[in-house]
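None of these values were measured; they are calculated from a predicted model. In what follows, chains are A, B, ... by sequence order, proteins preceding strands, each numbered from 1.
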2 protein chains.
Amino acid sequence: MSSNPSPASAAARAVPPAGGGSARRAPRGSARAKLIAAAHQTVRRKGYAATSVDEICAAAGVTKGAFFHHFDSKDALAVAAAEGWTERARPMFELPPHTRLEDPLDRLLGHIDFRLAMLEGPVEDFTCFVGTMVQEAYATNDAIRAACEASINAYCEALTPDIEAAIARHGIAHGVGAMSLARHIQAVLQGAFIMAKTANDAGIARDSVTHLKRYILMLFGRG
Amino acid sequence: MSSNPSPASAAARAVPPAGGGSARRAPRGSARAKLIAAAHQTVRRKGYAATSVDEICAAAGVTKGAFFHHFDSKDALAVAAAEGWTERARPMFELPPHTRLEDPLDRLLGHIDFRLAMLEGPVEDFTCFVGTMVQEAYATNDAIRAACEASINAYCEALTPDIEAAIARHGIAHGVGAMSLARHIQAVLQGAFIMAKTANDAGIARDSVTHLKRYILMLFGRG
DNA sequence: GACAACATACCGACTGGTTGGTATGTAGAG
DNA sequence: CTCTACATACCAACCAGTCGGTATGTTGTC
């Protein structure tokens, strides 16, 4: 999933390879994608304001000229990176084996298990780029805030069909709505990320998502 | 709580007043507390890195001299402000009427209702200072991270006795532990804050905390 | 209780380094 | 040749932190 090429790999290519003689540089047109990927990585680690343009350029293995060729400003990159984050999350809903399950509730629970399994390793590798960034931008930059909102909404909307189908098939306690539950799932994940950052450890996040799974099971009468 | 005199007031007072009447300045020794309160306010709005020392000073109505008299660095203020946040949250567990209820489960549910009622008005007024700050510091400043962790832990530990007593009296489904549930409550709150920031609206946060309350009721067989 | 000696609280101009952003140059594709 | 995609050099604004100084206590001595 993470589609994280080693950050150094691009920069390493700047070193002329032995053969051929010509110093092959990164293919033209790749700078934009590398800058967005670098922003995802760096902002998740340090936050948005603490991440400088130079730092993103260094992580992407390009120069400032390339940065400001592709983006009008740092804030413009932030918006583009939020949109890029939505793309990057899309495979989560298509690839894994559990998406083929027949029962929509099993697909939903499979997704939760999938998210649970993601909570491994360094905190900065599984946390949410838009969730991190919106905290710094919600009151000061509405374009970034809206881009983050769109990404979060896309996640919730991707989750909703299965939840709706599960409700139709199994019923749900207390008239809980599909979109409301999808948003709660997202909220618990975001909260779990913060707890993981607090302890600098993923375990505490898994614990919360396990509570979430139990809640969903109970709602659908499988508790 | 906010104790925010007009930011300009102190500077204005530097001009000698005409009459012999006393130009009353802020009482000596108040600068530290005002700086911490200003940090709480400003960081919750803009994040930690985007908040400058000058800005905090202006909001507190003191000068940089006062700032660096009380704190060795901006990061040192962050640590002190995290500790101050714990103090500021303490009354939540002592004051409200629900803390007098006889049944510990009612006290716990009363606390959730209390948190729910807090989710009103501007987002920056009910979100969590340490939850915001830890996102920017967890990987880059361990002193700040640890201070935030301590504050979060203090919250969870304040919640735990009632949960334990509620488990003892009513039993709980699936052998859920008191500390684990307390941490999940905190996680859902933090996640709800992020969702509120995303939409710049408190309603979405209330929805998630309502899910949380339902989960707790179900765990204790009151669903 | 008066006064010297000292300590604490606070002020605001200044500095060196960093930041986002710009102006200009160049190389490869078509 | 031209245009896009980058690179390099540079700048003004801003930032955290410093420093010399003042104002307001506090303490010990007689």
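Looking at which nucleotide of DNA chain C each of A:Ala49 and A:Gly65 is closest to, the 5′-most match is held by A:Ala49. Taking for each of A:Ala50 and A:Asp72 the nucleotide of DNA chain C with the nearest heavy atom, the 5'-most of the two is the partner of A:Ala50.
In this structure, A:Asn141 places its CG atom 14 Å from C1' of C:dG20, rounding to the nearest Å. For the pair B:Phe68 CZ and C:dT8 C1', the computed distance is 18 Å after rounding to whole Å. Separating the NZ atom of A:Lys64 from the P atom of C:dT22 is a distance of 11 Å, rounded to the nearest angstrom. Atom CZ in A:Phe67 sits about 17 Å away from atom C1' in C:dA23, given to the nearest Å. Going from atom CG of B:Asp75 over to atom C1' of D:dA16 covers 10 Å, rounded to whole Å. As rounded to whole Å, 17 Å separates atom C1' of C:dC11 from atom CZ of B:Phe71. Counting to the nearest Å, the C1' atom of D:dC10 and the CG atom of A:Asp54 are 12 Å from each other.
Screening A:Arg183, A:Gln190, A:His184 against A:Gln186 for a side-chain hydrogen bond (donor to acceptor under 3.5 Å, both in side chains) leaves a single residue, A:Gln190.
Across all strands, B:Ser52 comes closer than 4.0 Å only to sugar-phosphate atoms, never to a base (heavy-atom distances).
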Could you go through A:Lys46 and A:Glu124, starting from their C-alpha distance and side-chain angles, then the distance that decides it, and tell me whether this counts as salt bridge (charged side-chain N to carboxylate O under 4.0 Å, His left out)?
CA-CA 9 Å; A:Lys46 313 182 42 173; A:Glu124 65 221 62; over 6 Å; no
Between A:Ile36 and A:Trp85, is the side chain to side chain contact (heavy atoms under 4.5 Å, CB included) condition met? List the steps.
CA-CA 9 Å; A:Ile36 288 178; A:Trp85 187 253; over 6 Å; no
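Contact annotation: B:Lys74 side-chain N/O to D:dA16 OP1/OP2 distance is under 4.0 Å. Of the side-chain N and O atoms in B:His70, one or more sit less than 4.0 angstrom from OP1 or OP2 of C:dC10. For the OP1/OP2 pair of C:dC10 and a distance below 4.0 Å, the side-chain nitrogens and oxygens of B:His69 include no atom meeting the criterion.
Closest to the side chain of B:Val53, out of C:dC11, D:dA16, D:dC6, is D:dA16.
With hydrogens and angles disregarded, a donor-acceptor distance shorter than 3.5 Å links the side chain of A:His40 to the backbone of A:Ala81. When atom types are taken as modelled, the side chain of A:Ser180 and the backbone of A:Val176 share no donor-acceptor pair closer than 3.5 angstrom.
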